[in-house]
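Heavy-atom basis, side chains included; hydrogens, waters and symmetry copies ignored.
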Amino acid sequence: MDRTTQSLLKENRVHGDSMFPLAAYWIELPSGTHVLDTHWHEEAEFFMLLEGEILFQVDTEYFPLRAGEAVFIESGDIHAAYVLNEDTPCKFCALVFLPDLLASAQYDTIQQNAILPLQEKRQSFPRHITPDVPWQQELLHHLEQMMEAYANKMPGFETFMKGTLLIMLSKITAEGRFENRSQSDDADTTKINRLKKVILYIQDNYQEPIRTRDLSELIPMSEGQFCRFFKMMTRKTPVDYINSYRIRQAADLLQQSERKISDIAFEVGFDNVSYFIKVFRKAMKCSPSEFRKGAG
């Protein structure tokens with residue numbers, strides 16, 4: 001299991017590669033650890049909870065997610081996950097893919113009736129997939145099979161992954177099963193676009209000092225109004241979110257190199273090593289040096 005969700009949260013990379021834009025991740029987090037910061041990516045995603053109980057956010061919607069259930073996240077949807085029970089560890093897996101992977105080489109019935117409606121969000125998977133609904137239980141079974149196939153990577157697994165996704169699409173064609181998300185609330189869209197603008201700024205500038213005033217001027221809002229808006233949308237203050245993002249970058253660098261911890265702290269935007277270690281320990285439940293040893 002990964003010690004960090006960094007690879008899953010990289011919004012600016014292709015999950016998989018250009019020939020097969022699909023990747024799967026398995027992540028296990030200790031009790032009380034924050035699950036997923038607010039983020040998004042161009043790929044769609046199936047997120048399946050294996051152990052624990054969390055509160056999942058997609059755009060402005062929140063719902064509890066229990067072990068054995070899954071979430072479907074559209075391309076571009078903001079999403080996050082929060083611990084509901086801090087006494088239990090959290091395990092989950094995720095399948096991230098570009099919907100274009102499913103496209104037909106020529107325009108055919110499948111492209112017209114299944115792929116295009118998915119790409120245009122007119123005919124999509126249920127957001128919350130539960131084993132309590134028999135046909136959704138089938139979707140969960142297919143997800144489990146795909147995760148196993150990806151883990152083993154036997155010859156031809158790519159064909160199995162794409163074929164299974166197409167079979168899953170066939171399961172939602174019946175009336176009452178698919179969801180139409182092509183029309184979204186204008187007020188919600190404005191909030192989401194404002195938040196994306198701020199998060200992109202943080203991602204591009206996290207190595208430099210970032211003031212709350214700089215972020216509030218992007219939207220624009222007053223500083224106080226912005227802080228309330230950001231906390232409402234992400235459940236974190238701007239400073240906590242920035243620190244969390246910086247810690248994720250630091251965790252990646254700690255796994256990939258033997259550079260000094262102080263150098264890494266400065267590179268990801270902290271100007272005080274003691275403060276960096278304090279924030280890192282709070283987020284990761286261990287010190288940077290302990291994290292490096294555990295990841296080695």
Side-chain angles (χ1 to χ4, degrees), residues 1-13 25 27-39 52 54-55 57 80-91 195 197-218 222-224 226-296:
M1 293 282 187
D2 289 344
R3 287 288 305 278
T4 172
T5 55
Q6 172 66 8
S7 56
L8 178 60
L9 289 170
K10 283 183 178 174
E11 297 90 343
N12 58 352
R13 64 177 283 249
Y25 305 91
I27 294 169
E28 182 175 354
L29 301 171
S31 303
T33 307
H34 180 62
V35 185
L36 280 180
D37 278 334
T38 307
H39 71 291
I54 60 178
L55 183 69
Q57 174 190 359
Y82 312 93
V83 174
L84 275 179
N85 186 346
E86 298 205 352
D87 297 327
T88 59
C90 176
K91 292 182 186 178
L195 182 61
K197 191 172 186 179
V198 171
I199 289 175
L200 275 175
Y201 182 90
I202 291 170
Q203 290 167 5
D204 290 341
N205 297 278
Y206 72 91
Q207 294 173 303
E208 307 296 330
I210 300 176
R211 300 176 304 172
T212 306
R213 187 191 311 163
D214 298 331
L215 301 178
S216 67
E217 288 173 354
L218 292 171
S222 70
E223 200 168 341
F226 167 74
C227 288
R228 289 189 294 273
F229 162 78
F230 194 89
K231 183 76 179 285
M232 177 190 72
M233 293 293 288
T234 68
R235 298 196 159 205
K236 288 191 173 190
T237 66
V239 170
D240 285 344
Y241 184 91
I242 293 165
N243 282 345
S244 183
Y245 189 81
R246 286 170 170 162
I247 292 300
R248 293 209 311 268
Q249 311 310 310
D252 205 30
L253 292 172
L254 285 164
Q255 287 181 315
Q256 293 177 6
S257 74
E258 292 300 317
R259 292 170 55 200
K260 288 182 181 178
I261 287 171
S262 57
D263 290 345
I264 289 174
F266 294 136
E267 179 170 333
V268 300
F270 287 92
D271 57 9
N272 182 296
V273 178
S274 296
Y275 180 61
F276 164 71
I277 293 171
K278 179 183 175 182
V279 174
F280 192 99
R281 185 183 290 277
K282 183 179 179 183
M284 306 302 290
K285 307 302 180 188
C286 62
S287 70
S289 57
E290 289 167 343
F291 179 86
R292 173 175 271 165
K293 287 175 188 173

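Using a 4.5 Å cut-off on side-chain heavy atoms (C-beta onward), Lys293 and Ser287 make no contact. Between Gln207 and Glu267 there is a side-chain heavy-atom pair separated by less than 4.5 Å. Under the 4.5 Å side-chain criterion, counting only non-hydrogen atoms from C-beta, Val273 is in contact with Ser262. With a 4.5 Å cut-off on side-chain heavy atoms, Gln203 and Gln249 do not count as touching. By the 4.5 Å heavy-atom criterion applied to side chains, Leu215 and Tyr201 are counted as neighbours. Two residues are said to be in side-chain contact when any heavy atoms from C-beta on lie closer than 4.5 Å; Thr237 and Cys227 fail this criterion. Counting only heavy atoms from C-beta outward, the side chains of Ile264 and Pro288 never approach each other to under 4.5 Å. Between Tyr82 and Ile54 the shortest side-chain heavy-atom distance does not fall below 4.5 Å.
To the nearest 0.5 Å, atom CZ of residue Arg259 and atom CD of residue Gln256 are 10.5 Å apart. Atom SG of Cys286 sits about 12.0 Å away from atom CD1 of Ile277, to the nearest 0.5 Å. Here CD1 of Ile247 is found 12.0 Å from OH of Tyr206. Values are rounded to the nearest 0.5 Å. Going from atom CE of Met284 over to atom CZ of Arg248 covers 10.0 Å, rounded to the nearest 0.5 Å. To the nearest 0.5 Å, atoms CZ (Arg281) and OG (Ser289) are separated by 7.5 Å.
Listed here is the closest heavy atom pair of Glu208 and Arg246: O-NH2, 2.9 Å. Scanning all heavy atoms of the two residues, the minimum distance from Thr212 to Pro238 falls at CG2-CG, 4.4 Å.
Residues Asp37 and Ser244 have side chains that bring a donor and an acceptor to within less than 3.5 angstrom of each other.
In summary, of the residues considered (Leu84, Leu55, Leu29), a side chain to side chain contact (heavy atoms under 4.5 Å, CB included) with Val35 occurs for Leu29 alone.
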Could you walk me through whether Leu218 and Phe226 satisfy the side chain to side chain contact (heavy atoms under 4.5 Å, CB included) test, starting with their C-alpha distance in whole Å, then the side-chain angles of each, then the deciding distance to 0.1 Å, before giving a yes or no?
CA-CA 10 Å; Leu218 292 171; Phe226 167 74; over 6 Å; no
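Relative orientation of the Tyr245 and Tyr241 rings is parallel, given thresholds of 30° and 60° on the angle between their planes. Using cut-offs of 30° and 60° for the angle between ring planes, the Phe280 and Phe291 rings count as perpendicular.
Of the possible donor and acceptor atoms, none in the side chain of Arg292 sits under 3.5 Å from a partner among the backbone N and O of Ile261. Checking side-chain atoms of Arg213 against main-chain N and O of Glu223 turns up no donor-acceptor pair under 3.5 Å.
More than 12 heavy-atom neighbours from other residues, nucleotides or ligands sit within 6.0 angstrom of NZ on Lys285. Environment of CG in Asp271: sparse, with no more than 12 heavy atoms of neighbouring residues, nucleotides or ligands closer than 6.0 Å.
Listed by chain and number, the residues in a side-chain hydrogen bond (donor to acceptor under 3.5 Å, both in side chains) with Tyr275 are Asn243 (sequence neighbours excluded).
Here Phe266 and Phe270 keep their ring centres 6.0 angstrom or further from each other.
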